[in-house]
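What follows is a short report on a single structure.
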Amino acid sequence: MSNTVGDYLLERLTTWGIQRIYGYPGDGINGIMGAFSRSSNGHRDAHSPEFVQVRHEEMAAFMACAHAKFTGQLGVCMATSGPGAVHLLNGLYDAKLDHQPVVAIVGQQARAGLGGNYQQEIDLQTLFKDVAHEFVEVAMAPEQIRHLVDRACRIALAERTVTALIIPNDVQEADAVPRPPHKHGTVHSGPGFERPRVIPTEAELDRAAAVLNAGSKVAMLIGQGALGAADEVTEVADVLGAGVAKALLGKAALPDDLPYVTGSIGLLGTKPSWTLMQECDTLLMVGSSFPYSEFLPEEGKARGVQIDIDGRMLGIRYPMEVNLAGDSADTLRALLPRLKRKQDRSWREMIEGEVAKWWNLIEHRAQLAADPINPQLVFHELSKRLPDGAILASDSGSSANWYARDVKLRKGMMASLSGTLATMGPGVPYAIAAKFAHPDRPVIALVGDGAMQMNGINELITIAKYRNQWIDQRLIVMVLNNRDLNQVTWEQRAMEGDPKFEGSQDLPDFPYARYAEMLGLVGIRVDSPDQVGQAWDRALAADRPVVYEAVTDPEVPPLPPHITIEQARALSSALLKGDPNAGEIMKQSFRQKVEEFLPGR
Ligand SMILES: Cc1ncc(C[n+]2csc(CCOP(=O)(O)OP(=O)(O)O)c2C)c(N)n1
Ligand SMILES: [Mg+2]
């Protein structure tokens with residue numbers, strides 16, 4: 001039985017299957033913290049949600065987003081009024097932009113003080129109106145809680161988006177009204193949401209099949225919408241003799257060890273993905289909103305078919321001939337009997353040849369000498385050792401390049417990053433949420449030193465706090481210690497034609513591995529290439545979380561797969577304008593590039 005609104009809130013969230021809420025306390029939510037305390041003392045339902053205390057509310061929002069990404073279920077985060085609510089925002093935008101269902105529950109000052117320029121009073125509805133525009137409501141009376149929870153959860157799931165529930169602290173402490181009186185002006189809602197089966201009409205499927213059957217060089221581009229459709233993508237690609245490129249959020253949608261998978265696309269992508277898109281005559285895009293048009297076929301060069309569950313995402317990246325609003329797996333399954341097997345396999349064979357050459361090139365690039373460690377080697381050695389069922393979380397930065405290109409995911413693995421917001425900072429909190437959701441699986445975060453200094457170091461404290469709850473404690477945080485905000489340094493050089501601005505780009509050093517040891521974790525610092533592999537063996541065999549600190553060379557260029565004339569011109573202008581590291585860059589860029597043209601690559 002519920003007593004207060006706070007108690008009832010947790011009870012109703014339990015009905016929705018919420019097992020965990022990531023958050024940080026404050027007097028704006030003490031009425032809910034009291035309810036957590038009562039429920040954890042055994043007075044309540046044993047399935048009542050657990051409160052996970054993070055270091056910063058933004059991390060709670062990242063974790064709620066990652067929970068959704070790694071489980072397919074609703075993520076929930078919680079923060080106090082005012083500053084706590086403001087801190088949530090970046091993580092909530094990460095969820096919104098990557099279409100993840102997340103509910104944010106925030107406190108507010110007592111009703112009596114609102115509008116009084118009161119302590120910590122912020123207009124929260126306006127603050128959240130953009131990030132949670134599908135549903136942001138304030139509970140002004142206990143009778144509302146039931147339907148506000150039901151609607152916040154259902155709308156987040158149905159729309160794959162962020163919703164927000166604002167609860168003044170005196171409402172939290174009021175007597176619960178689980179069942180509003182049966183009278184005019186009350187709302188009587190119920191819980192539960194099941195995804196519908198969404199398949200396009202027969203006529204549209206026929207039209208799509210006609211386009212796909214007419215083509216002789218079919219390229220597929222899959223994104224996160226294809227997660228869970230691996231069998232269908234494989235079958236369709238096989239029938240159509242297609243190569244398959246993957247947008248970053250869809251990296252785990254299809255294993256990288258299939259010979260016709262060209263890997264990532266875009267600035268962080270591969271050369272075979274580039275070739276696939278440049279030379280295809282037909283594009284089948286599945287569950288992706290990959291934005292960069294220069295990496296897609298030139299308008300008019302290919303006929304296009306797109307599948308997306310969200311009608312709003314159709315036809316916005318390429319003028320598609322057929323736009324299919326539907327679930328990826330179900331729609332591909334419905335297309336299959338309509339597709340004719342391509343008898344001429346030469347396109348597919350050409351793509352497979354390109355893919356084989358690419359993996360050779362990647363292997364060789366990883367072995368090239370650098371000062372002291374080539375970052376590609378760190379990813380390459382990890383890739384070879386990835387345990388079955390591993391879950392990976394990459395941060396934004398140069399690590400995302402190497403994650404995209406060098407890591408070969410196998411069947412049964414999961415992986416994600418901040419795909420659309422591309423914010424710094426999700427690597428460590430995503431890994432923590434992955435661990436809570438799948439405590440029996442090894443989890444690896446791939447993070448830059450900038451991101452570690454932004455928030456990752458602090459979140460190591462959360463790892464130390466909770467690690468004993470995880471049956472398999474293998475959570476490895478790999479830090480690329482390059483003392484540089486490297487991704488942006490290269491953007492300054494290659495996009496702007498400016499030399500590296502040391503004032504904005506250089507980072508202070510920090511003893512990541514030693515700090516991990518102070519927290520009772522394992523710290524491994526690697527500063528020579530011959531230690532890289534063994535260090536991974538040690539990290540992967542550890543009985544507790546590990547910080548794997550790799551001292552890497554910031555002058556190894558994360559070159560786009562196809563460096564354009566403009567980029568080459570910009571880079572040389574940056575060097576001529578006196579880039580402080582010009583000599584080393586020339587050496588590394590030349591080495592990396594020359595590898596591409598060596599015979600047998
Ligand atoms: C919150 C946020 N601030 C700034 C950026 C711009 N940005 C993208 S990558 C990057 C550098 C990341 O540096 P680090 O974490 O050290 O990784 P590295 O590229 O050096 O491997 C920056 C500043 C961003 N994406 N997000
Ligand atoms: Mg760095």
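Just so you know, ligand 1 is whichever comes first in the structure, and atom 1 is the first atom listed for that ligand.
- Looking from atom 1 (C) of ligand 1 to the surrounding protein, the closest heavy atom is T423 OG1, 3.6 Å.
- With respect to atom 3 (N) of ligand 1, the closest heavy atom belonging to the protein is M424 SD, 3.9 Å.
- For the salt bridge (Lys or Arg N to Asp or Glu O under 4.0 Å) test with D256, the passing option among K251, R410, K408 is K251; the others fail.
- Summary of contacts: the protein heavy atom closest to atom 25 (N) of ligand 1 is A422 O, 2.9 Å.
- Put simply, the angle at the Mg ion (ligand 2) from O in D484 to OD1 in D449 is close to 110°, to the nearest 10°.
- Other residues, nucleotides and ligands contribute more than 12 heavy atoms inside 6.0 Å of the CZ atom of F128.
- Which of P375, A451, G427, S399 comes nearest to atom 15 (O) of ligand 1 through a heavy atom is settled by distance: it is A451.
- L485 CD2, 3.3 Å is the protein heavy atom nearest to atom 13 (O) of ligand 1.
- Listed by atom number, the atoms of ligand 1 under 4.0 Å from D484 heavy atoms are 16 (O), 20 (O).
- For R514 and E517, the salt-bridge test fails: no basic side-chain N is under 4.0 Å from an acidic carboxylate O.
- Taking a cutoff of 4.0 Å between a charged side-chain nitrogen and a carboxylate oxygen, R493 and E555 qualify as a salt bridge.
- Every atom of ligand 1 with a heavy atom of Q487 under 4.0 Å away is listed here by number and element: 9 (S), 19 (O).
- Taking 4.0 Å as the cut-off between side-chain N and carboxylate O, K96 and D94 do not count as a salt-bridged pair.
- Distance check for S398 against the Mg ion (ligand 2): none of its N/O/S atoms falls below 2.8 Å.
- Scanning the protein heavy atoms around atom 21 (O) of ligand 1, the nearest turns out to be S398 OG, 2.5 Å.
- Scanning all protein heavy atoms for the shortest distance to atom 14 (P) of ligand 1 gives G450 N, 3.5 Å.
- Under a cut-off of 6.0 angstrom, the local environment of CZ in R467 is crowded, with over 12 non-hydrogen atoms contributed by other residues, nucleotides or ligands.
- Applying the 4.0 Å criterion to heavy atoms of N486 picks out, from ligand 1, the atoms 18 (P), 19 (O), 20 (O).
- A donor-acceptor pair shorter than 3.5 Å can be found between the side chains of Q487 and N401.
- Ion pairing between K500 and D506 holds under the 4.0 Å rule for side-chain N and carboxylate O.
- Atom 10 (C) of ligand 1 has as its closest protein heavy atom V488 CG2, 3.5 Å.
- Taking the centre of each ring, Y512 and Y548 stay at or above the 6.0 Å mark.
- Only the side chain of N482 comes within 4.0 Å of ligand 1, counting heavy atoms alone; its backbone N, CA, C and O stay farther away.
- Side-chain N/O atoms of T275 and Q278 include no donor and acceptor closer than 3.5 Å.
- Atom 17 (O) of ligand 1 has its closest protein heavy atom at G448 CA, 3.6 Å.
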